[in-house]
Amino acid sequence: MLIDSRVASGLRDLTPSLAKPRERILDRFRQTFRGFGFQPIETPHIERKDVLTGKGAGSEEVLRQIFDVVNTGGTLGELALRFDHTVPLARFVSAHVNEIGLPFKRFAIGSVFRGERPAKGRFREFTQCDFDIVGSESIVADAEIVLVIHQALSFAEVPRATIWLNHRGLLEALLDVIGAADRGPAVLRALDKLTKAGRDVVLSELTNPEKGAGLAEIQALKVLEFVEQGKGGLGVLDRAEAVLGDRESARAALSQLRTVRLLLDESGVSEDAVQFDLGLARGLDYYTGIVMETTVNGWEKFGSISSGGRYDNLAGLFSARRIPGVGASIGLDRLIALLDEMGQLQKAAAHTGVLVGQFPGVPLEFPFRIASRLRGRGVQAECYPDPIPIGKQMAYGASRGYRFGLILGPDELDQGVFHLRDLTNRQETKGLSLAEVDEIVVRVLSEDPQGDAAAKAALKSRS
RNA sequence: GUGGGUGUGGCCUAGCGGUUAAGGCACCAGAUUGUGGAUCUGGGUAUCGCGGGUUCGAAUCCCGUCAUCCACCCCA
């Protein structure tokens with residue numbers, strides 16, 4: 001009986017068509033993080049379960065979705081797969097404050113695991129790219145986190161994303177104004193549906209006393225009115241101020257949001273790339289200041305590809321010392337799924353390197369040596385392993401994204417004269433010495449590292 | 001975790017109770033041991049998701065299960 005080769009629900013294999021662009025995006029994220037002075041850290045994929053589910057860290061939802069890890073003979077409930085990077089960060093900071101020093105900026109990229117029902121862009125194992133600034137309460141840190149999201153996505157060529165900002169202080173003040181301070185979570189949950197479900201659903205949920213927030217209709221309408229006019233640029237903050245201006249928490253929140261906008265202006269971030277959304281509710285359970293979420297314009301239904309915010313007391317579970325922080329996470333797999341859906345993933349196809357083909361009868365060390373020589377000059381090079389018909393070897397090279405084909409046969413071996421074929425346009429330069437091959441390959445690949453120009457030209461000449 | 005839809009080769013689909021499961025794309029081989037995406041020729045690569053049941057007979061009907069999609073829940 002053969003064993004089923006499929007992976008379990010919500011997990012997947014990535015073939016090169018997804019894994020290659022994924023690597024490329026990941027490289028660009030890393031470069032961005034390093035450019036802002038974030039340092040890499042690693043924590044285990046498996047943590048003690050009490051670390052992950054301790055009070056505060058472990059909402060009901062976390063408990064429902066967490067994966068237990070049990071080795072044979074081990075104790076059930078002792079270990080679990082990490083659910084996000086934030087709780088491990090809290091533990092990490094508590095354990096190592098004295099060696100890392102504060103403020104501490106770190107990034108962490110890796111799989112997290114959630115026992116959710118999978119859907120489009122939702123998996124049970126997925127990669128989160130987290131970056132956090134720990135140990136600073138400065139608004140500069142908040143602004144920098146927003147800027148990093150923006151820069152990382154731009155650098156990775158994600159089209160037309162909008163980062164939405166809100167502040168916990170504003171919603172607190174609003175609830176206070178309408179006299180429903182204790183209904184916070186239910187109100188937030190209802191508001192969150194505004195984009196998806198529409199006004200009527202939200203209104204009924206706000207007023208429903210059993211399943212919803214149980215507000216009076218007049219309260220509910222006020223909440224709706226506040227949120228509905230609250231999406232856009234700085235004008236949103238002015239309108240919020242008119243309603244909530246006399247509350248201290250609102251004043252502080254508005255001032256912080258305005259400062260963030262100012263700092264982003266200084267960094268050349270356009271007005272529409274970062275906007276305010278007074279209805280942004282997600283994550284408010286554990287965030288204490290600014291909160292943020294990112295969607296790609298026109299693909300809002302796909303969900304957020306990045307979210308984050310400020311938390312006052314990150315390490316509170318593990319240490320008496322109060323350590324504030326602000327950070328965000330980019331959901332790499334959802335981003336890839338979204339780009340794939342948008343048809344934006346093909347761009348990543350690179351034409352680089354040399355495929356070394358061989359004829360039967362040449363000693364096997366000949367192509368092996370030539371490929372090594374090219375690699376020694378920093379060029380990706382691969383020998384085709386078998387002396388099959390040379391056309392097949394060239395087809396292999398072309399379909400694998402090689403820029404050049406170099407054929408090694410008896411003539412080359414005897415006379416030291418080579419033909420270099422450009423696989424993107426089928427042009428062949430004949431009669432080259434080995435030194436000339438090196439020179440051309442290195443020059444062309446450095447002039448056009450992704451092979452975009454060559455590939456485009458090849459496409460044009462064919463059509 | 002709740003409700004519903006769908007599972008046929010690598011991908012998309014036809015077949016919807018009756019001989020050896022059909023087609024397109026892709027793939028492989030040959031025409032073509034010195035040159036690839038074109039052309040021609042040949043090839044089916046399938047436990048019809050899996051298990052059980054009904055039936056003389058099941059890809060087709062029923063049940064279970066797994067996977068997947070949609071809505072809810074929640075989130076990246």
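Here is the naming used below: chain letters follow the sequence lines, and residue numbers restart at 1 for every chain. This structure is a prediction, so every number in the text was calculated from the model and none was measured.
- Pair assignment for A29(B) gives U41(B), based on Watson-Crick or G-U wobble hydrogen-bonding distances that are each under 3.5 Å.
- Proximity note for Met394(A) (side chain, C-beta onward) versus G3(B), U35(B), C74(B): the nearest is U35(B).
- Scanning atom types as modelled, no donor and acceptor separated by under 3.5 angstrom connect the side chain of Glu116(A) and the base of G1(B).
- Residues Ala8(A) and Ser329(A) each lie close to RNA chain B; by heavy-atom proximity, the contact nearer the 5' end of the strand is made by Ala8(A).
- Base-pair partner of A46(B): not found among the strands shown (Watson-Crick or G-U wobble, both distances under 3.5 Å).
- One atom, CZ of Arg122(A), and another, P of C75(B), lie 10 Å apart when rounded to the nearest Å.
- As judged by a 4.0 angstrom heavy-atom cut-off over every strand, Gly121(A) is placed among the base-contacting residues.
- Base contact: Glu412(A) has a heavy atom under 4.0 Å from a base atom.
- Ring-plane geometry between Phe418(A) and Phe366(A) is classed as tilted, the angle between the planes lying from 30 to 60 degrees on a 0 to 90 degree scale.
- The base-pairing partner of C74(B), taking Watson-Crick or G-U wobble contacts with both distances under 3.5 Å, does not exist among the strands shown.
- Note that Arg28(A) lies in the cation-pi zone of Phe155(A), set by a 6.0 Å cut-off to the ring centre and a 45° limit from the axis.
- As judged by a 4.0 angstrom heavy-atom cut-off over every strand, Ile305(A) is placed among residues touching the sugar-phosphate backbone only.
- Residue side chain Arg114(A) does not reach the base of C74(B) through any donor-acceptor N/O pair under 3.5 Å, judged by distance alone.
- Between the base of C75(B) and the side chain of Arg334(A) there is a donor-acceptor pair shorter than 3.5 Å.
- As rounded to the nearest Å, G10(B) and C28(B) have P atoms that lie 14 Å from one another.
- The Ala398(A) side chain lies nearest to G36(B) when the options are U33(B), G36(B), G34(B).
- Taking atom CE of Met292(A) as the reference point, atom P of C75(B) lies 17 Å away to the nearest angstrom.
- For the 3.5 Å distance criterion, the side chains of Gln151(A) and Thr32(A) fail to qualify, holding no donor opposite an acceptor.
- U47(B) and A58(B) are spaced 15 Å apart, taking the C1' atom of each and rounding to whole Å.
- Within 4.0 Å (heavy atoms only), Leu423(A) reaches at least one base atom of the nucleic acid.
- Going from the P atom of G64(B) to that of G4(B) covers 11 Å, rounded to whole Å.
- Within the shown strands, A67(B) is the pairing partner of U6(B) under the Watson-Crick or G-U definition, both distances less than 3.5 Å.
- Rounded to whole Å, the P atom of U65(B) lies 12 Å from the corresponding atom of G1(B).
- Checking the phosphate oxygens (OP1, OP2) of U68(B), a side-chain nitrogen or oxygen of Ser9(A) falls inside 4.0 Å.
- Rounded to the nearest Å, the gap between the P atom of U60(B) and that of C16(B) is 13 Å.
- Counting only heavy atoms from C-beta on, Arg64(A) has its side chain closest to G1(B) among G1(B), G34(B), G36(B).
- Along RNA chain B, the nucleotide nearest Lys120(A) and the nucleotide nearest Thr294(A) are compared for position; the residue whose nucleotide lies closer to the 5' end is Lys120(A).
- For the atom pair CD1 (Ile336(A)) and CD (Glu341(A)), the distance works out to 13.5 Å, reported to the nearest 0.5 Å.
- C62(B) sits 12 Å from G7(B) when the P atoms are compared, rounded to a whole Å.
- When the P atom of C69(B) is taken as reference, atom CD of Glu341(A) falls 11 Å away, rounded to whole Å.
- Partner assigned to A21(B) is none, using Watson-Crick or G-U wobble distances below 3.5 angstrom.
- Taking the C1' atom of each, U6(B) and C48(B) are spaced 15 Å apart, rounded to whole Å.
- Counting only heavy atoms from C-beta on, Gln128(A) has its side chain closest to A76(B) among C74(B), A76(B), U33(B).
- Distances were taken from every side-chain heavy atom of Pro360(A) (C-beta onward) to each of U33(B), C73(B), U35(B); the shortest belongs to U33(B).
- Across all strands shown, Gly303(A) has no heavy atoms under 4.0 Å from either base or sugar-phosphate atoms.
- Taking the six-membered ring where tryptophan is involved, the planes of Phe33(A) and Phe38(A) are perpendicular, since the angle between them exceeds 60° and thus also 30°.
- When heavy atoms are screened at a 4.0 angstrom cut-off, Gln393(A) is found touching no nucleic acid atom at all.
- When the P atom is compared between A59(B) and U54(B), the two are found 16 Å apart, to the nearest whole Å.
- Ring-plane geometry between Tyr384(A) and Tyr396(A) is classed as perpendicular, the angle between the planes exceeding 60 degrees on a 0 to 90 degree scale with a lower cut at 30.
- The base of G36(B) has none of its N or O atoms less than 3.5 Å from a complementary donor or acceptor on the side chain of Arg400(A).
- The side chain of Ser304(A) sits closest to A76(B) out of A76(B), C70(B), G36(B).
- Residue Asp333(A) is classed as having no contact, given no heavy-atom separation below 4.0 Å to the nucleic acid.
- Which of U68(B), G1(B), A29(B) sits closest to the side chain of Lys392(A) comes down to A29(B).
- With hydrogens and angles ignored, no donor-acceptor pair closer than 3.5 Å exists between the side chain of Arg426(A) and the base of U35(B).
- Ser306(A) comes within 4.0 angstrom of the backbone, heavy atoms only, and of no base.
- Counted by atom type alone, Asp132(A) and Tyr311(A) present one or more donor-acceptor pairs between their side chains at under 3.5 Å.
- Distances from the side chain of Arg421(A) to the nucleotides C75(B), A29(B), U35(B) place U35(B) closest.
- Within the 4.0 angstrom heavy-atom criterion, base atoms lie near Phe123(A).
- Look at Phe359(A) and the base of G34(B); the rings do not stack under the cut-offs of 5.5 Å between centres and 30° between planes.
- Counting non-hydrogen atoms under 4.0 angstrom, Gly10(A) reaches the backbone sugars and phosphates but no base.
- As the counterpart of U35(B), no nucleotide is assigned, since no Watson-Crick or G-U wobble pattern has both distances under 3.5 Å.
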| request: Show your working on side-chain hydrogen bond (donor to acceptor under 3.5 Å, both in side chains) between Glu300(A) and Thr295(A) and close with a plain yes or no. | output: CA-CA 5 Å; Glu300(A) 288 78 8; Thr295(A) 53; 4.5 Å; no

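- Picking from U68(B), C73(B), U35(B) the nucleotide with the shortest atom distance to the side chain of Pro118(A) gives U68(B).
- What separates NZ of Lys301(A) from C1' of C75(B) is a distance of 18 Å, to the nearest Å.
- Between Asp333(A) and Arg22(A) a salt bridge is recorded (basic side-chain N to carboxylate O distance below 4.0 Å).
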